[in-house]
Each structure stands twice: as structure tokens, then as C-alpha cells.
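Down below is the structure, laid out as C-alpha cells.
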Amino acid sequence: MNLVLFGPPGAGKGTQAKVLQETRGLPQLSTGDMLRAAIAAKSELGRKVEAILAKGDLVSDDIVIGIIDQRLNQPDAARGAVFDGFPRTIPQAEALDKLLEGRGKKIDLVIELKVDETVLLSRAEQRVRETVSKGGIPRPDDTPQTVKNRLDVYRKNTAPLVAFYKAQGKVVSVDGMAPIADVTRAIAAALDRK
Ligand code: AMP
């Protein structure tokens, strides 16, 4: 099964993708994680995208589509995957449909995590505090200014994807404001109905 976890930054996509990876054996395909890994490795790609991530802007469609194309060739993605943070634009969604079609697959379900945007800023602040208290280094794009920009970018470029996938009859909306375990249960129920 190929699943898209959809929602604004801080909606809990990463948390739920990790649960699905464990419970369903579907690898989490997070373009954000892949780009951060490239930055940490100081690769050519990493150097190219570092400033874009720091600002909270979108990396070009070509770059992320290329990353996902390569990732889909790895054996663990053969049974399906959880797409986390991809697609983020209509051209990315169209490209993903083609990439999967070329492999005899399709997006089976889009889980929309619905959240009240006013809490997203405080969630980002909480994430920073938790990371620091565990001795970690917070994400450089979790500063209030960058989170605001990421939300603007989401509204402008990414939110229209809901209509794109609704037209395909693939969207199930889940209350992302509920406790994590409840969100997990709601997603599991949606998957089991498929
Ligand atoms: P995330 O971890 O999904 O919040 O992604 C972190 C950052 O990586 C985003 O703010 C973008 O700068 C970049 N990014 C991740 N996924 C994509 C994507 N699908 N398209 C464009 N940029 C992306």
C-alpha cells in the first residue's frame, strides 16, 4: 500500500509515519529527512539546498522528484511506502502518480491530518524545548519566523493538493489535534477499511 500523510508542518506526519513503519512495515519516505541527511553529509545536493531549508522555502520540484524516484527503486519500497512531506506541490503529486504508475502501483490513500493552525507555532516551540532538554540540536527551521514562512508556503503551494486527491476520491481526514494514540488508531482504522 502506498500512503500519503498530508498536513501542515507540525501536524504529526513524521510521528505517525514512524508508527506505520513499525506496525505495517511500510518505509517512511520523508523528503525532509533525506534533504537534512544530504546537508549533514555536506554533499553537493546538501550544499545546494541548505539555505532553502533554513528559510523554510521549497526545494525545486525536480530535486525532490529525483530523490523519490531513486528511493522507490530500493527493495524495501516494493511493498509500498508512507510518503511524509512529499508531494508538496501539484507538479510533485502528478510526478508521483507517474513514478508509481511506471512501477505498476498507485497512491491508495491520502490521510489528511487536520490541525488548528494556531497551535502549530507552539508545537514547534515545544519541539525545540524537548530537543534541547534531551541534549540535541533543534532543527534550524523551527524558529518562529521560519515556522511562519513554512505555514505560508504550505497554504499557498501544498494545501491545494487536498482538492487534487479529493478529485481522485483518496482523502480520509483525521483529527490531528487528538492525542497521538487516538490519531494512530484513526489512521489504522482508515487503512483497515481499504
Ligand atoms: P519537512 O521535514 O517535511 O518539514 O521538510 C523540511 C524542509 O525540507 C521543507 O521546509 C523544505 O524546505 C524541504 N522539503 C521537504 N520536502 C519537500 C518537498 N516535497 N518539496 C520541496 N521542499 C521540500
Side-chain angles (χ1 to χ4, degrees), residues 2-21 26-72 77 81-100 107 110-115 117 119-128 130-131 136-162 164-165 176 183 187:
N2 285 287
L3 185 75
V4 174
L5 278 181
F6 189 83
K13 301 186 295 291
T15 303
Q16 296 300 333
K18 286 190 177 64
V19 172
L20 289 167
Q21 181 157 281
L26 297 171
Q28 173 193 15
L29 268 52
S30 158
T31 37
D33 283 352
M34 295 175 209
L35 293 167
R36 280 185 289 277
I39 292 169
K42 300 193 188 310
S43 67
E44 198 187 324
L45 169 66
R47 278 196 293 273
K48 214 187 221 175
V49 301
E50 187 165 14
I52 300 172
L53 265 79
K55 270 198 280 176
D57 288 337
L58 290 185
V59 169
S60 78
D61 288 338
D62 286 353
I63 289 180
V64 284
I65 291 164
I67 292 179
I68 288 290
D69 190 10
Q70 280 182 13
R71 183 65 184 83
L72 284 173
V82 180
F83 294 90
D84 162 14
F86 181 91
R88 262 177 156 96
T89 64
I90 298 278
Q92 289 179 25
E94 288 169 347
L96 179 58
D97 280 350
K98 287 213 184 77
L99 290 178
L100 290 172
I107 292 296
V110 176
I111 304 277
E112 178 195 17
L113 293 175
K114 287 205 135 187
V115 286
E117 284 198 14
V119 305
L120 294 175
L121 202 55
S122 54
R123 277 193 183 184
E125 285 163 1
Q126 190 185 340
R127 202 155 56 193
V128 169
E130 278 171 13
T131 306
I137 300 166
R139 277 173 55 160
D141 60 351
D142 267 344
T143 61
Q145 195 192 348
T146 311
V147 171
K148 278 197 196 98
N149 186 42
R150 286 161 66 200
L151 278 170
D152 287 343
V153 168
Y154 171 80
R155 275 189 223 105
K156 183 163 168 258
N157 300 285
T158 309
L161 285 178
V162 176
F164 175 91
Y165 283 120
V183 178
I187 294 175

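Just so you know, ligand 1 is whichever comes first in the structure, and atom 1 is the first atom listed for that ligand.
Across every non-hydrogen atom of Ala81 and Leu26, the tightest pair is N-CD2, 4.0 Å. Contact between Leu53 and Asp141 at its shortest, heavy atoms only, is O-CB, 3.4 Å.
Selection from Arg36, Glu50, Arg150 by nearest heavy atom to atom 6 (C) of ligand 1 gives Arg36.
At a 3.5 angstrom cut-off on N or O pairs, Asp57 counts as close to ligand 1.
Looking only at heavy atoms of the protein, atom 7 (C) of ligand 1 is closest to Leu53 CG, 3.7 Å. Looking from atom 18 (C) of ligand 1 to the surrounding protein, the closest heavy atom is Arg88 CD, 3.4 Å. Taking atom 20 (N) of ligand 1 as the reference point, the nearest protein heavy-atom neighbour is Gln92 NE2, 3.0 Å.
Of the candidates Asp57, Thr158, Asp142, Arg150 forms a side-chain hydrogen bond (donor to acceptor under 3.5 Å, both in side chains) with just one, namely Asp142.
Residue Arg139 approaches ligand 1 through these ligand atoms, each under 4.0 Å from one of its heavy atoms: 1 (P), 2 (O), 4 (O), 6 (C). In summary, the atoms of ligand 1 found under 4.0 Å from a heavy atom of Gly85, numbered by their order in the structure, are 16 (N), 17 (C), 18 (C), 19 (N).
Counting heavy atoms under 4.0 Å from ligand 1, residue Leu35 touches it through the side chain alone. Both the backbone and the side chain of Val59 come within 4.0 Å of ligand 1, judged by heavy-atom distances.
Under a 4.0 Å heavy-atom criterion, Lys13 is not in contact with ligand 1.
No side-chain heavy atom of Phe86 sits under 4.5 Å from any side-chain heavy atom of Ile67.
Between Lys98 and Asp69 no salt bridge is recorded (no basic side-chain N to carboxylate O distance below 4.0 Å).
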Exercise. Evaluate the side chain to side chain contact (heavy atoms under 4.5 Å, CB included) criterion for residues Val82 and Gln21: first the C-alpha distance (whole Å), next the side-chain angles of each, then the deciding distance (0.1 Å), finally the verdict.
Key: CA-CA 8 Å; Val82 180; Gln21 181 157 281; over 6 Å; no
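Thr31 places a side-chain N or O within donor-acceptor distance of the main-chain N or O of Gly85, the cut-off being under 3.5 Å.
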